[in-house]
Amino acid sequence: MKAASWFITIVLPCVILAQTRVVEFSTFSMGFDVVPSQRGSLTSIAGQQLSEHVVGSRGIVQARLLNSLLVRGTLTLTAVKPESAVVGYSLGLKVILPRAFVTSDESLYYRKGGERRFAVIALQRSGDTLRATVPAEAVSIRGLEYFIRLNSLQGVARFPAAGVDTIRVRFETFSFPIVQQRRTYRMVSVAVDLIEPAHRSVLEDDLGPYNPSVWRLFRWQRDHYEEYPRIAAQFRPGNAFWLITQNGGGFDIDHGTSVSTIQPATIVLDTGWNQIASPFAFRIDWDSLIAQQDVSPAYFYDGVSPYQLNIRVLEPWEGYFVENRSGRPLTLAVLPIEAATNIAESKPVVQSSDEYIVQIEAQTMGSELRDRYNFLGFKSGATREDDRLDLHEPPPIGDHLQLSIVEGKRFAANFKPFPQDGEEWNLELSSNLSHQTVLLHVVEYGHRPDGLTMVLLDKDEFVPIALQGGSFVLRTGEAGTPRSWKMLIGTDAFVAAHSGGIPLVPIAFALHQNWPNPFNPSTVIRYQLSKRSNVRLDVFNALGQLVKTLVEGEQTTGVYTVPWDGTNAGGVAAASGMYVYRLRAGEFTASRKMLLIR
């Protein structure tokens with residue numbers, strides 16, 4: 001293993017050598033020449049006076065100091081360490097001291113990269129060399145951090161003078177620590193520096209040549225997903241990718257080294273959404289990232305549960321979505337310090353008692369697609385504009401169910417200031433699968449302001465939505481076609497004024513008797529619709545022949561009246577007799593009789 005040497009210059013502190021103090025020869029072996037004095041003692045050129053000195057083969061061994069002296073100076077040591085280490089193998093370091101330099105309490109402090117606590121071992125001296133061996137279990141893919149501390153008569157010597165030095169640890173083959181579930185999207189990353197970071201080098205040796213029916217790789221680039229081999233970014237620390245495989249399992253990472261922890265790592269963010277990762281092989285506290293003011297919190301998706309919002313801890317080897325909302329490229333600085341918590345928990349959206357939050361969870365019935373983390377309501381400090389309390393909806397991937405709060409942009413969380421009379425939110429439910437029956441559940445946190453009620457209105461069917469035990473059901477249409485509805489939280493007057501004409505109480509389908517009946521020459525037919533429907537109202541004669549179509553087209557919820565002037569489709573007066581009028585509205589069908597008398 002190739003070794004590298006560092007010459008360590010240590011500035012000695014001020015040390016007062018007191019009178020009558022017995023000193024070792026090392027006091028006079030640091031560049032201070034010693035000359036005889038007239039009084040039988042010895043005096044150094046620095047003014048130190050000794051008596052009762054003992055001379056050995058290597059010079060003065062011991063003497064008594066006769067005067068006090070303030071000493072300053074520098075000391076040069078040589079530290080020898082390997083340029084890199086190997087995962088799972090012990091590691092030796094040594095320090096070469098100046099000739100006859102006396103030390104005590106010689107210690108090596110070491111830890112895995114990013115750890116907060118040091119282990120300590122004593123350096124073993126042999127002549128002018130100090131040696132120590134770092135145990136194999138500390139030499140990991142995280143890298144190694146260390147410093148050396150020596151005590152001497154002149155004070156404490158330390159290398160480096162501040163902070164730590166690092167040794168990068170290399171590996172030949174490393175098994176990716178996250179098991180890929182079959183046919184499931186998972187965001188993956190590497191937390192090491194690879195000799196060959198190309199996608200082909202990382203994946204094809206384990207997953208086979210690229211075949212979209214066997215495995216696929218995606219990455220969000222600016223405003224769309226790009227698929228391998230058109231992905232620009234490579235497997236480098238800080239980058240993340242969507243991976244899906246037919247058979248699941250894992251893959252190996254070959255030929256690389258640990259990421260240096262001597263300084264922060266950087267991640268460059270494009271405008272909009274970015275897939276990022278911890279650049280280090282240990283978890284990172286999101287709040288430790290520098291220059292995150294215009295960057296959203298992290299979003300996490302494990303391929304099974306829905307997106308989790310406000311992630312506070314980034315785990316290594318995983319990937320996360322973040323949004324750069326500044327409108328310009330940004331650089332994140334990631335401090336090489338392991339997060340104190342052991343769990344990558346989502347930060348609660350509801351954080352104080354003076355907030356009122358509504359969480360809406362959605363889940364398909366059958367396919368088990370879910371979108372749980374959707375929040376709206378009132379928060380102190382919120383504005384009616386898009387602000388830092390609001391969270392945008394991240395780009396979906398694969399089969400998905402997406403519930404979005406639509407306020408110009410699509411939000412996963414949208415908060416407004418406490419109102420005088422009320423607020424409204426428009427929502428959309430969509431899926432890449434057609435005709436999904438979706439169960440939605442509404443949960444309230446905090447205290448809803450007095451005098452305000454919650455009303456849900458179906459904008460597509462033009463009907464009120466009734467909550468039963470906090471839940472209701474919607475059905476989506478064709479794939480990608482959003483299902484639109486709205487939530488009003490306000491006073492009765494506010495709700496009535498912002499209902500958009502949608503009835504606030506349910507209306508049943510009905511076809512009423514015409515009036516007058518019998519009639520001559522005209523009559524009025526009245527019917528009501530409980531939801532938006534395609535409507536057809538026809539008049540037939542006693543033989544079942546179509547006489548005239550009075551209504552054909554889509555109508556919203558409500559009560560309608562339609563006149564019939566007693567003529568057929570050509571405008572010719574119909575003969576006296578019994579006629580039947582029939583209403584079809586969606587799945588509803590009804591008919592009644594009427595009598596025309598000329």
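If you're wondering where the values come from, they're calculated on a predicted model, not measured in any experiment. When reading the values below, keep in mind they use all heavy atoms of this one structure, side chains included, and skip hydrogens, waters and symmetry mates.
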Asks: Between T364 and T437, is there a donor-acceptor pair closer than 3.5 Å when you use the side chain of the first and the backbone of the second?
Replies: no
Asks: Are F321 and Y299 close enough that their ring centres sit under 6.0 Å apart?
Replies: no
Asks: Does any donor atom in the side chain of N517 or K593 lie under 3.5 Å from an acceptor atom in the other side chain?
Replies: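 Side chains of N517 and K593: no pair found under 3.5 Å.
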Asks: In sequence, state the C-alpha distance, the side-chain angles, and the governing distance for F235 and H199, and then conclude on side-chain contact (heavy atoms from CB on, under 4.5 Å).
Replies: CA-CA 7 Å; F235 272 104; H199 309 108; 3.7 Å; yes
Asks: Mind listing the closest non-hydrogen atom pair of P503 and P464 along with its distance?
Replies: O-CD, 3.2 Å
Asks: Passes side-chain contact (heavy atoms from CB on, under 4.5 Å), R448 versus M454? Steps please.
Replies: CA-CA 9 Å; R448 188 196 306 166; M454 177 192 296; 4.1 Å; yes
Asks: Any side-chain heavy atom of N247 within less than 4.5 Å of one from W215?
Replies: no
Asks: Hey, is CE on M365 packed in by over 12 heavy atoms from elsewhere, all under 6.0 Å?
Replies: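 No, CE of M365 has 12 or fewer neighbouring heavy atoms, counting only those of other groups under 6.0 Å.
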Asks: Using the side-chain contact (heavy atoms from CB on, under 4.5 Å) rule, take R216 and E227 through it: C-alpha gap first, then chi angles, then the decisive distance, then the call.
Replies: CA-CA 7 Å; R216 304 180 75 181; E227 185 172 3; 2.8 Å; yes
Asks: Answer yes or no: does atom CZ of R222 have more than 12 heavy-atom neighbours from other residues, nucleotides or ligands under 6.0 Å?
Replies: no
Asks: Count the heavy atoms belonging to other residues, nucleotides or ligands that lie under 6.0 Å from CD of E385, then report whether that count exceeds 12.
Replies: no
Asks: Is it true that the side chains of D371 and H400 contain a donor and an acceptor less than 3.5 Å apart?
Replies: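 H400 and D371 do not have a side-chain donor-acceptor pair below 3.5 Å.
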Asks: Rounded to the nearest 0.5 Å, what separation is found between the CG atom of D450 and the CG atom of L452?
Replies: 8.0 Å
Asks: Can you tell me how far the CZ atom of F378 sits from the CD atom of E423, to the nearest 0.5 Å?
Replies: 6.0 Å
Asks: S326 side chain to N324 main-chain N or O, any donor-acceptor pair under 3.5 Å?
Replies: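 Pair absent, no side-chain N/O of S326 close to backbone of N324.
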Asks: List the atom pairs, with distances to 0.1 Å, where a side-chain N or O of residues 413-420 and a protein N or O form a donor-acceptor pair under 3.5 Å, not counting sequence neighbours.
Replies:
residue: N414; atom: OD1; partner: W425; partner atom: NE1; Å: 2.9
residue: K416; atom: NZ; partner: E424; partner atom: O; Å: 2.8

Asks: Rounded to the nearest 0.5 Å, how far does CG of L457 lie from OG of S499?
Replies: 6.5 Å
Asks: Any luck finding a side-chain donor-acceptor pair between Q555 and Y527 under 3.5 Å?
Replies: yes
Asks: Work out which heavy atom in P279 is nearest to a heavy atom in I267; give both atom names and the distance.
Replies: CD-CD1, 4.3 Å
Asks: Taking all atoms of both residues into account, what is the closest heavy-atom pair of F509 and S530, and its distance?
Replies: CE1-OG, 2.9 Å
Asks: Side-chain contact test, heavy atoms from C-beta onward, threshold under 4.5 Å: evaluate it for I525 versus H512 and give yes or no.
Replies: no
Asks: Just by distance, do the side chain of D460 and the backbone of S484 share a donor-acceptor pair under 3.5 Å?
Replies: yes
Asks: Thinking salt bridges, do K531 and D458 make one under a 4.0 Å N-O criterion?
Replies: no
Asks: Any luck finding a side-chain donor-acceptor pair between H441 and Q359 under 3.5 Å?
Replies: no
Asks: Counting only N and O atoms by type, is there a donor-acceptor contact under 3.5 Å from the side chain of R219 to the main-chain atoms of Q275?
Replies: yes
Asks: Is there a side-chain contact between F540 and V547, using heavy atoms and a 4.5 Å cut-off?
Replies: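 A side-chain contact under 4.5 Å is absent here.
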Asks: In plain terms, say whether E318 and R186 are close enough for a salt bridge, that is, a side-chain N and a carboxylate O under 4.0 Å apart.
Replies: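 Looking at E318 and R186, the cut-off is met.
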Asks: In this structure, which one of Y307, Y320, W286 forms a ring-ring contact (aromatic ring centres under 6.0 Å, His included) with F300?
Replies: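 Result: among Y307, Y320, W286, Y320 is the only option passing the ring-ring contact (aromatic ring centres under 6.0 Å, His included) with F300.
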Asks: Does either side chain, that of N514 or that of T523, offer a donor lying less than 3.5 Å from an acceptor on the other one?
Replies: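 Looking only at side-chain atoms, T523 and N514 do form a donor-acceptor pair, the distance falling under 3.5 Å.
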Asks: Would you say the side chain of W220 lies within less than 4.5 Å of the side chain of N274, judging by non-hydrogen atoms?
Replies: no
Asks: State whether the side chain of K486 and the backbone N or O of H498 hold a donor-acceptor pair below 3.5 Å, judged by distance alone.
Replies: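 It does hold such a pair.
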Asks: Would the number of heavy atoms belonging to other residues, nucleotides or ligands and lying under 6.0 Å from CZ of R584 be above 12?
Replies: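 No, because the 6.0 Å sphere around CZ of R584 holds 12 heavy atoms or fewer from other groups.
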Asks: Is it true that a side-chain atom of R592 and a backbone atom of L511 form a donor plus acceptor pair closer than 3.5 Å?
Replies: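 Such a contact is found between R592 side chain and L511 backbone.
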Asks: For A412 and L309, work out which heavy atoms get closest and say how close.
Replies: CB-CD1, 4.0 Å
Asks: Can I get a per-line list of side-chain donor-acceptor pairs under 3.5 Å for residues 562-569, giving both atom names and the distance, sequence neighbours left out?
Replies:
residue: W564; atom: NE1; partner: T567; partner atom: O; Å: 2.8
residue: D565; atom: OD1; partner: T567; partner atom: N; Å: 3.1
residue: D565; atom: OD1; partner: T567; partner atom: OG1; Å: 2.6
residue: D565; atom: OD2; partner: T567; partner atom: OG1; Å: 3.4
residue: T567; atom: OG1; partner: K548; partner atom: NZ; Å: 3.2
residue: N568; atom: OD1; partner: G570; partner atom: N; Å: 2.9
residue: N568; atom: OD1; partner: G571; partner atom: N; Å: 3.0
residue: N568; atom: OD1; partner: V572; partner atom: N; Å: 2.9

Asks: Any idea which heavy atoms bring G500 and F462 closest together, and the distance?
Replies: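 Looking at all heavy atoms of both residues, the closest pair is O-CZ, 3.5 Å.
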Asks: Under the side-chain contact (heavy atoms from CB on, under 4.5 Å) criterion, do Q221 and I231 qualify, and how do the steps go?
Replies: CA-CA 8 Å; Q221 295 184 179; I231 299 174; 3.7 Å; yes
Asks: Under a 3.5 Å cutoff, is there a donor and acceptor pairing between the side chains of Y356 and E444?
Replies: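 Y356 vs E444: donor-acceptor pair found between side chains.
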Asks: Taking distance alone, no hydrogens or angles, what donor-acceptor pairs closer than 3.5 Å link side-chain atoms of residues 238-246 to residues at least two apart or in another chain?
Replies:
residue: N239; atom: ND2; partner: Q234; partner atom: O; Å: 3.0
residue: W242; atom: NE1; partner: Y225; partner atom: OH; Å: 3.1
residue: T245; atom: OG1; partner: G248; partner atom: N; Å: 2.9

Asks: Take atom CZ of R475 as the centre, draw a 6.0 Å sphere, and report whether it contains more than 12 heavy atoms from other residues, nucleotides or ligands.
Replies: yes
Asks: With no hydrogens and no angle check, is any side-chain donor or acceptor of T453 less than 3.5 Å from a backbone partner on D492?
Replies: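 Such a contact is absent between T453 side chain and D492 backbone.
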Asks: What verdict does the ring pair (Phe, Tyr, Trp, His ring centres under 6.0 Å) test give for W317 and F282, after you've listed the backbone C-alpha separation in whole Å, the side-chain angles of each residue and the deciding distance to 0.1 Å?
Replies: CA-CA 9 Å; W317 316 106; F282 45 86; over 10 Å; no
Asks: Could you check whether D285 pairs with R312 (Lys NZ or Arg NE/NH1/NH2 to Asp/Glu carboxylate O, under 4.0 Å)?
Replies: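 R312 and D285: not salt-bridged.
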Asks: Are a donor atom and an acceptor atom from the side chains of T557 and R532 found within less than 3.5 Å of each other?
Replies: no
Asks: What distance do L595 atom CG and Y579 atom OH have between them, rounded to the nearest 0.5 Å?
Replies: 9.5 Å
Asks: Work out which heavy atom in N432 is nearest to a heavy atom in A479; give both atom names and the distance.
Replies: O-CB, 3.2 Å
Asks: Taking S431 for its side chain and L401 for its backbone only, find out whether a donor-acceptor pair lies under 3.5 Å.
Replies: no
Asks: Assess the side chains of S404 and E428: does a donor N or O sit below 3.5 Å from an acceptor N or O?
Replies: no
Asks: Backbone N or O of E315 within a donor-acceptor pair of the S278 side chain at under 3.5 Å?
Replies: no
Asks: Taking the side chain as every heavy atom from C-beta outward, state whether L440 and L474 have any atom pair closer than 4.5 Å.
Replies: yes
